[in-house]
Structures are given as C-alpha cells and as structure tokens.
Amino acid sequence: MGATLIVVTVVVAALVIRTALAELREPGSGRRQWTSLAGPRAVSAGALTAVILGVLGWLHAGPEGAVWAGLAGVLVAFTVAQGHRPH
C-alpha cells in the first residue's frame, strides 16, 4: 500500500506543478483550471469513474484498487473540465 500512495502522490504533485507552470505563463489560468473541476459535467464523470473502478478495484485489489480508482476519477474530472471551457 505504501508504494501505491507514493505513486498517487507523485501524480497529484505533477498536476499541481502543471497548474503552477500554467499560472506563471498566464496569471489566473491555474484558478480557472481547478475551478472548472467543480462543474457538474466534470464532477459527474469523475464520480462515476471513481465509483465503477472503485468497486472493481476493491474486488480485485482491495484498498489499493480503491486508491487507484480515486486517482482515475480525479484525472477523468480534470480531463473533462479541460475539454469543456465556458466562454
């Protein structure tokens, strides 16, 4: 379980670093990236992914599968939010 948490932490840190670099290039863009995660479309897609993969992951790998499912849900929400930008 320890290695899984380290890898998940590294991936989340990479997202934060990506946001920080975007913020340096264009002030305000980081806030827009993370605020868009709260949109209903991104939340729905991320939650659905996390629940489905969480159940399957728990059945096959126990708590580690649930951790990976949570990360997958966040990444899906982040991707959906980036693809759907309000004008």
Side-chain angles (χ1 to χ4, degrees):
M1 181 75 157
T4 296
L5 291 177
I6 290 172
V7 173
V8 169
T9 303
V10 168
V11 171
V12 171
L15 286 175
V16 172
I17 291 169
R18 178 179 177 248
T19 301
L21 292 174
E23 184 70 25
L24 287 173
R25 279 184 250 138
E26 181 187 341
S29 65
R31 186 178 313 167
R32 283 192 303 274
Q33 281 182 354
W34 289 96
T35 302
S36 62
L37 281 176
R41 189 169 178 223
V43 170
S44 298
L48 183 64
T49 301
V51 167
I52 291 172
L53 291 179
V55 169
L56 292 173
W58 189 272
L59 292 175
H60 292 285
E64 288 185 17
V67 171
W68 285 110
L71 177 63
V74 169
L75 292 175
V76 166
F78 196 78
T79 303
V80 169
Q82 298 307 308
H84 179 70
R85 295 184 191 251
H87 300 288

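Every heavy atom of this structure was used, including side-chain atoms; hydrogens, water molecules and symmetry mates were not.
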Query raised in the report: Can Val11 and Val74 be said to form a side-chain contact (heavy atoms from CB on, under 4.5 Å), step by step?
Result: CA-CA 11 Å; Val11 171; Val74 169; over 6 Å; no
Query raised in the report: side-chain contact (heavy atoms from CB on, under 4.5 Å) between Leu71 and Val12: does it pass, once the steps are laid out?
Result: CA-CA 8 Å; Leu71 177 63; Val12 171; 4.2 Å; yes
Query raised in the report: What are the two closest non-hydrogen atoms of Ser36 and Ala42, and how far apart are they?
Result: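 What the structure gives for the nearest pair is O-CB, 3.9 Å.
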Requested in this report: Return the minimal non-hydrogen interatomic distance between Ser29 and Ala22, and the atom names on each side.
Outcome: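 Answer, listing the atom of Ser29 first, then Ala22: OG-O, 3.0 Å.
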Query raised in the report: Heavy-atom distance under 4.5 Å between the side chains of Leu37 and Val80, does that happen here?
Result: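 No, their side chains stay 4.5 Å or more apart.
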Please set out all donor-acceptor pairs under 3.5 angstrom arising from side-chain atoms of residues 47-68, sequence neighbours excluded.
unit_1 : atom_1 : unit_2 : atom_2 : d
Thr49  : OG1    : Ala45  : O      : 2.8
Glu64  : OE1    : Thr4   : OG1    : 3.3
Glu64  : OE2    : Met1   : N      : 2.8

**Report entry** Same cluster (ILVMFWY, side-chain, under 4.5 Å), Phe78 and Val43
**Finding:**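 Cluster IDs for Phe78 and Val43 differ.
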Query raised in the report: Under 4.0 Å between a Lys/Arg side-chain N and an Asp/Glu carboxylate O for Glu26 and Arg32?
Result: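 Yes.
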